[in-house]
Amino acid sequence: AQKTLEGFRKQYKDATHNCYAWRIGTERVMEKSGDDGEPSGTAGHPMLHVLQMQKLTNLLAVVTRYFGGIKLGAGGLVRAYAESVSKALDGARIVKNRLVKTGLLKLTYDQYPKMLQFLEREQAVVERTDFTDEVSLALSVPCGEYGAFTARLTDYFAGKVSLAEGETHYAAFAEGAWRS
């Protein structure tokens, strides 16, 4: 966040103020804001408050202001900075992250059509498919559903297919569907 903020400051070095607020983390959220020369608490904190109220993390908000000769006063500054962030968020696509576990499936070509039918009903995303002497599917499954998913998979294929467990990572959600 600090490195990105420095980039904004360089890009808009002629601006009067580059005020910011950032929140980073999932379980333990770290946050910081800065007024960049505006009266204390009139820029960064109102921006941070908007991010907190929206429960957003892993983002940096920067509002660049060029002084135009009209003094807004403390209340006007608070409203202007908070409204700038709110309006930017209204037009933004919010992406939620979900903890997923990866797995690798190895199938015969005969099993592949049945696997596609199975996966259509499941909360699993096929990240990669390799066709060699067999079919290999790299999957991501939400961590909380991984155990139940593997049990349904084993049952559906009568134990003839198993999922080799892989790593855990965050995957992005957008509009009700997720992808890693």
Side-chain angles (χ1 to χ4, degrees), residues 1-104 119 122-128 138-149 165-180:
Q2 288 301 125
K3 186 177 179 181
T4 303
L5 179 59
E6 287 305 315
F8 275 97
R9 287 185 172 143
K10 285 179 185 173
Q11 184 176 354
Y12 302 104
K13 60 182 174 242
D14 59 334
T16 313
H17 307 282
N18 286 291
C19 303
Y20 68 92
W22 56 257
R23 300 186 80 222
I24 298 171
T26 51
E27 277 88 54
R28 187 175 146 245
V29 177
M30 297 182 301
E31 53 190 25
K32 187 173 180 181
S33 64
D35 297 315
D36 193 31
E38 292 285 22
S40 181
T42 61
H45 184 72
M47 295 168 61
L48 181 60
H49 185 70
V50 171
L51 302 180
Q52 290 167 335
M53 295 307 292
Q54 298 271 340
K55 296 180 178 154
L56 298 173
T57 62
N58 299 325
L59 74 132
L60 165 68
V62 179
V63 176
T64 299
R65 179 172 180 242
Y66 293 85
F67 181 66
I70 298 172
K71 294 193 178 207
L72 300 175
L77 289 171
V78 168
R79 282 188 299 280
Y81 282 102
E83 188 175 301
S84 293
V85 173
S86 289
K87 284 186 177 182
L89 291 174
D90 287 344
R93 183 175 150 253
I94 306 298
V95 176
K96 295 180 181 181
N97 288 311
R98 187 171 190 180
L99 195 59
V100 297
K101 187 175 287 278
T102 61
L104 183 64
L119 292 174
E122 295 292 328
Q123 283 281 319
V125 172
V126 178
E127 293 183 8
R128 189 183 74 250
L139 303 175
S140 285
V141 179
C143 277
E145 300 166 28
Y146 192 83
F149 173 81
E165 190 172 320
E167 64 182 30
T168 301
H169 67 279
Y170 282 93
F173 272 85
E175 299 174 24
W178 63 275
R179 63 189 181 288
S180 61

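The figures here come from the full heavy-atom set of this structure, side chains too, leaving out hydrogens, waters and symmetry mates.
A donor-acceptor distance shorter than 3.5 angstrom exists from the side chain of R23 to the backbone of L56, with no hydrogens or angles considered. Judged by distance alone, with hydrogens and angles left aside, the side-chain atoms of S84 form no donor-acceptor pair with the main-chain N or O of V63 at under 3.5 Å.
Going from atom SG of C19 over to atom NE2 of H45 covers 14.0 Å, rounded to the nearest 0.5 Å. To the nearest 0.5 Å, atoms NZ (K32) and CE (M30) are separated by 11.0 Å. Separating the CD atom in Q54 from the NE2 atom in H49 is a distance of 10.5 Å, to the nearest 0.5 Å. Taking OH of Y146 as the reference point, atom CG of L99 lies at 12.5 Å (rounded to 0.5 Å). The line from CD1 of I24 to CD of Q2 is 8.5 Å long, rounded to the nearest 0.5 Å. Of the inter-residue distances, the one linking L139 atom CG with L119 atom CG reads 6.0 Å to the nearest 0.5 angstrom.
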Show your working on side-chain contact (heavy atoms from CB on, under 4.5 Å) between F149 and K101 and close with a plain yes or no. CA-CA 11 Å; F149 173 81; K101 187 175 287 278; over 6 Å; no

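Considering every non-hydrogen atom in both V50 and A82, the closest pair reads CG2-O, 3.7 Å. Among all heavy-atom pairs drawn from L48 and A21, the shortest one is N-CB, 3.5 Å. Between F67 and T16, the shortest heavy-atom distance links the atoms N-OG1, 2.9 Å. When all heavy atoms are compared, the tightest approach of D35 to A43 is OD1-N, 3.1 Å. Between G41 and V78, the closest heavy-atom pair is O-CG2, 4.1 Å.
Contacts of R128 classified as salt bridge (charged side-chain N to carboxylate O under 4.0 Å, His left out), with partners at least two apart in sequence or in another chain: D130.
For the pair R9 and E6, the salt-bridge criterion is met [side-chain N within less than 4.0 Å of a carboxylate O].
Listed by first and then second residue, the side chain to side chain donor-acceptor pair (under 3.5 Å) pairs involving residues 56-71 are D14-Y66, N18-T64, E38-R65 (not counting sequence neighbours).
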